[in-house]
Number of protein chains: 2
Amino acid sequence: MRFARADRTFYSTPECAREMDLHILEHRLRVTSLRKAGLERYTHGLIKLVFLRDKSRCKFFSLTEMPDDYTLVLDEEGFKELPQTDYLQVAEATWLALNVVSNGHSSTCSQTIGVTKIAKSVIAPLAQHNVSVFMLSTYQTDFILVRESDLPAVIHTLSEEFSIYKEVNGESVPVDSNNVTNGFIKPKTAASPTVHPVLSPKNQFCVMSLDPDTLPTIATILMDVMFYSASLKARSADQDLGYIRFFSFSLIDGYISIVVDTQTQKRFPSNLLLTSASSELWRMVRIGGQPLGFGIKSRDEVNTEDKGEYFQNRLRDYADKTDECGIVAQISEPLANADISAYYISTFNFDHALVPEEDIDSVITMLQKRQNGER
Amino acid sequence: MRFARADRTFYSTPECAREMDLHILEHRLRVTSLRKAGLERYTHGLIKLVFLRDKSRCKFFSLTEMPDDYTLVLDEEGFKELPQTDYLQVAEATWLALNVVSNGHSSTCSQTIGVTKIAKSVIAPLAQHNVSVFMLSTYQTDFILVRESDLPAVIHTLSEEFSIYKEVNGESVPVDSNNVTNGFIKPKTAASPTVHPVLSPKNQFCVMSLDPDTLPTIATILMDVMFYSASLKARSADQDLGYIRFFSFSLIDGYISIVVDTQTQKRFPSNLLLTSASSELWRMVRIGGQPLGFGIKSRDEVNTEDKGEYFQNRLRDYADKTDECGIVAQISEPLANADISAYYISTFNFDHALVPEEDIDSVITMLQKRQNGER
């Protein structure tokens, strides 16, 4: 299975949906958050996963650096490389990645890319059925992560609009939705989700790719950016100026995707990184003044003496808690209505939409109206 | 100060010594042993020191991989990057590096290179005066490490044969030996040292250099060799076949030196690594069936339940113990007599001489005779 936006056409409106297939990928994924204070313990494993592909059987690796932590999403082979310490929070579920692909017809319903394409056909119906999603847009495609336990609900919800296939040993096997959802009880429609505040840092971002064979050429720069440039001092300087520290790298089924701000991009040799043909610059909307669905406050924010106990309690709470869903839908639906492209990257504590620079003002206005209760 | 064998002439016989200068370098060094089981904790710091030179002010870094541990010799800036754990043993002293350089005269007394050059003028006199040395030969030069506390004895011992300079803020300042050794009590002549067994693995080694600007090009291969290829399984396979796991990398004052066996060398692109003009192959003589001067048994070898206590006792013993000196002299003197070149690399537990492949048989015969009490 190949992921390459350039080779594919996405369809966004319900009329088009039947010309799309939904693939449930084989990767069984863990979603984790690594606090920066613990990074040194993890460099060994992370470098192996990123740079020494023949040393590991990991096929799905995504790292997103935020100001305080790294969100790591990786399959079980990758997860094995991470030592279990207090610095690493692991979401309790196993997650599966869904991917929407054209089934070969050539008509195009929209020129937009990214999450906007699947807002109405995938994201909105899943939110309506109370299925929370974790989005991971890459240069090549958009992965929709859902909990393995939600799979019957996902299949039930989406089988009307899509032909659904499950990848089994690299082969696409059609899913008989009647069989799968047999005995599945349709959940209550979700309560209207909390509207989270949005933040728009000043950075301009690029979404890029790289031939994996040239990865060694930029290994030292990439290691520096990923693991050695994250001082607390730099972080507060960024924040004072209205910038955010955000960097995302994924290596999924042999495809590399990098999201980097223009300041950091200058550190790489310009001839190796591929940008999309439009070579657009993107601006970020970060969603969530409070942590979102995975929300466990970082220890640094906890002032009590007994941090360990606090943490245990939060983790216990979390296991019981219905985590938030519908956040991706809240953002992607208005973007789809306005026909604005968007990459979307979820992390442990926040969600991030990247929209074309020329659209950022209208997007912020749109989302602020929503916050004020207007639609 | 530049180190490049090709640019320099060494002098080995006493008659020539006055045409050599001895420089006491500014680096203040720590000698440490890192057990392989603890490597993952150290990858972060080690990668920074090797590959991200602008992130650290470390100017002296040497890593030698052995079957069970890594010996790391590094200055205080480098030492700061190593977390202090039970996996890291640190020799108690601060060490200084001595370097013998031609003072500009052009006569050549010997064509041999390495420790052989300085066996009679430096190594033998220091052994006679009970000063233990830790040798570190590189592609470019030979560093003679001595304890800082032995410096008066060193100056006293060598000032007859050499003009001695101390590097101070990058300048060479002549050392007034009368002043320094004022109040210095000449130590007892050392007892005849233990004769240690020698071992000669089958590997052929190359001694190479690399332009530091091309280091990023081989970063992933080098990381793989240094930190990701050391499985216990590989180790025992090596041993069964009579091979040894040995790899040495140093980055000292901007010069890179690599000692690697021919099997591992094949993993690197051949056009980047410089070998000496002779492109000789070298064979190893490892000295010490028992650990030498720094000798603390590795925990793996200890069968008692209470390993922690064992270790503490060993460390206490060690602090009191007069460690062995004269080992380098034992090996280098016969080599000098036979006019055989040798690189010499000391590690925490063993010493290693590398001699030209064509000389290995005669060297082993020579050292075995010595073991049998013949001279």
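Below, chain A is the first sequence line, B the second, and so on; all start at residue 1.
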Counting only non-hydrogen atoms closer than 4.5 Å, does B:Ile221 touch chain A with its backbone (N, CA, C, O), its side chain (CB onward), both, or neither? neither
Between A:Pro216, A:Ala219, A:Gly45, which shows the greatest number of heavy-atom pairs under 4.5 Å with chain B? A:Pro216
Do other residues, nucleotides or ligands put more than 12 heavy atoms under 6.0 Å from B:Gln263 CD? no
So which residue, B:Ile47, B:Thr217, B:Asp54, ends up with the most heavy-atom pairs under 4.5 Å with chain A? B:Ile47
With a 4.5 angstrom heavy-atom cut-off, could you sort out which part of A:Lys48 is near chain B: side chain, backbone, both or neither? both
Do the side-chain N and O atoms of A:Gln140 and A:Ser257 include a donor-acceptor pair separated by under 3.5 angstrom? no
For atom CZ of B:Arg57, decide whether the heavy atoms of other residues, nucleotides or ligands shown that lie under 6.0 angstrom number more than 12. no
Passing option when A:Leu46 is tested against A:Phe61, A:Tyr70, A:Phe249, A:Phe51 for side chain to side chain contact (heavy atoms under 4.5 Å, CB included): A:Phe61
